[in-house]
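Step one of this worksheet: look at the structure below.
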Amino acid sequence: MTKPRRSAAASDGCNAEEQSGVRLRAADAERKVRSERPEPPSREVARCLRVAQKVRVGQLVLDALPGGDVRARLLRTAIVRRDEVLIDAVLGQLRMLP
């Protein structure tokens with residue numbers, strides 16, 4: 001392959017305004033402005049908020065359970081680990097009780 005040739009204007013030290021270059025189109029500039037706006041919360045943020053809410057509920061339930069209860073120990077572990085699935089499982093089982 002041959003190397004691309006430089007024009008005489010580009011090689012003789014012309015100022016930046018006289019050199020050719022790629023300019024942003026109006027649509028590109030508008031996209032850039034849109035991309036700088038804050039985005040709505042992502043799935044990860046929504047998940048963190050959901051887990052935090054379940055942890056708060058779990059702590060309230062944990063306060064009501066006796067300390068020696070096996071489910072209380074399991075719920076405490078789930079809260080410390082922030083394990084959403086385990087918190088759901090323990091809370092779901094506790095709701096089934098009369």
Side-chain angles (χ1 to χ4, degrees):
M1 280 189 125
T2 61
K3 292 183 180 180
R5 290 185 180 181
R6 288 186 160 198
S7 67
S11 62
D12 67 357
C14 293
N15 65 22
E17 290 178 5
E18 293 177 2
Q19 292 181 354
S20 64
V22 178
R23 295 184 196 141
L24 288 177
R25 289 184 273 171
D28 290 340
E30 185 178 328
R31 275 189 226 127
K32 184 177 179 183
V33 169
R34 277 192 228 144
S35 68
E36 292 173 357
R37 293 181 189 152
E39 295 184 13
S42 67
R43 284 189 224 168
E44 188 63 29
V45 172
R47 181 187 172 279
C48 287
L49 294 173
R50 189 176 65 241
V51 170
Q53 181 182 9
K54 290 179 182 182
V55 165
R56 284 192 297 272
V57 170
Q59 287 172 336
L60 293 173
V61 171
L62 188 60
D63 291 340
L65 289 173
D69 192 343
V70 176
R71 296 168 296 187
R73 290 175 37 205
L74 190 58
L75 184 57
R76 187 176 299 114
T77 302
I79 289 171
V80 168
R81 291 174 44 194
R82 297 184 65 83
D83 187 337
E84 182 180 11
V85 174
L86 188 54
I87 293 172
D88 281 343
V90 174
L91 292 177
Q93 188 209 18
L94 288 170
R95 288 184 192 138
M96 289 184 200
L97 296 175

**OP:** Find out whether L65 and L94 are in side-chain contact, i.e. whether some heavy atom of one side chain is under 4.5 Å from a heavy atom of the other.
**Re:** yes

Original post:
Do you know which two heavy atoms are closest between L91 and K54, and how far apart they sit?
Top reply: CD1-O, 4.4 Å

Original post:
Which atoms form the tightest heavy-atom contact between P66 and A72, and what is the distance?
Top reply: O-CB, 3.7 Å

Original post:
Excluding sequence neighbours, so at least two apart, what forms side chain to side chain contact (heavy atoms under 4.5 Å, CB included) with Q53?
Top reply: R56

Tabulate below the donor-acceptor pairs under 3.5 Å that side-chain atoms of residues 73-82 make, not counting sequence neighbours, or state none.
{"unit_1": "T77", "atom_1": "OG1", "unit_2": "R73", "atom_2": "O", "d": "3.0"}
{"unit_1": "R81", "atom_1": "NH2", "unit_2": "D83", "atom_2": "OD2", "d": "3.2"}

Original post:
Taking only residues two or more places apart in sequence, or in another chain, which ones meet R50 in a salt bridge (Lys or Arg N to Asp or Glu O under 4.0 Å)?
Top reply: E84

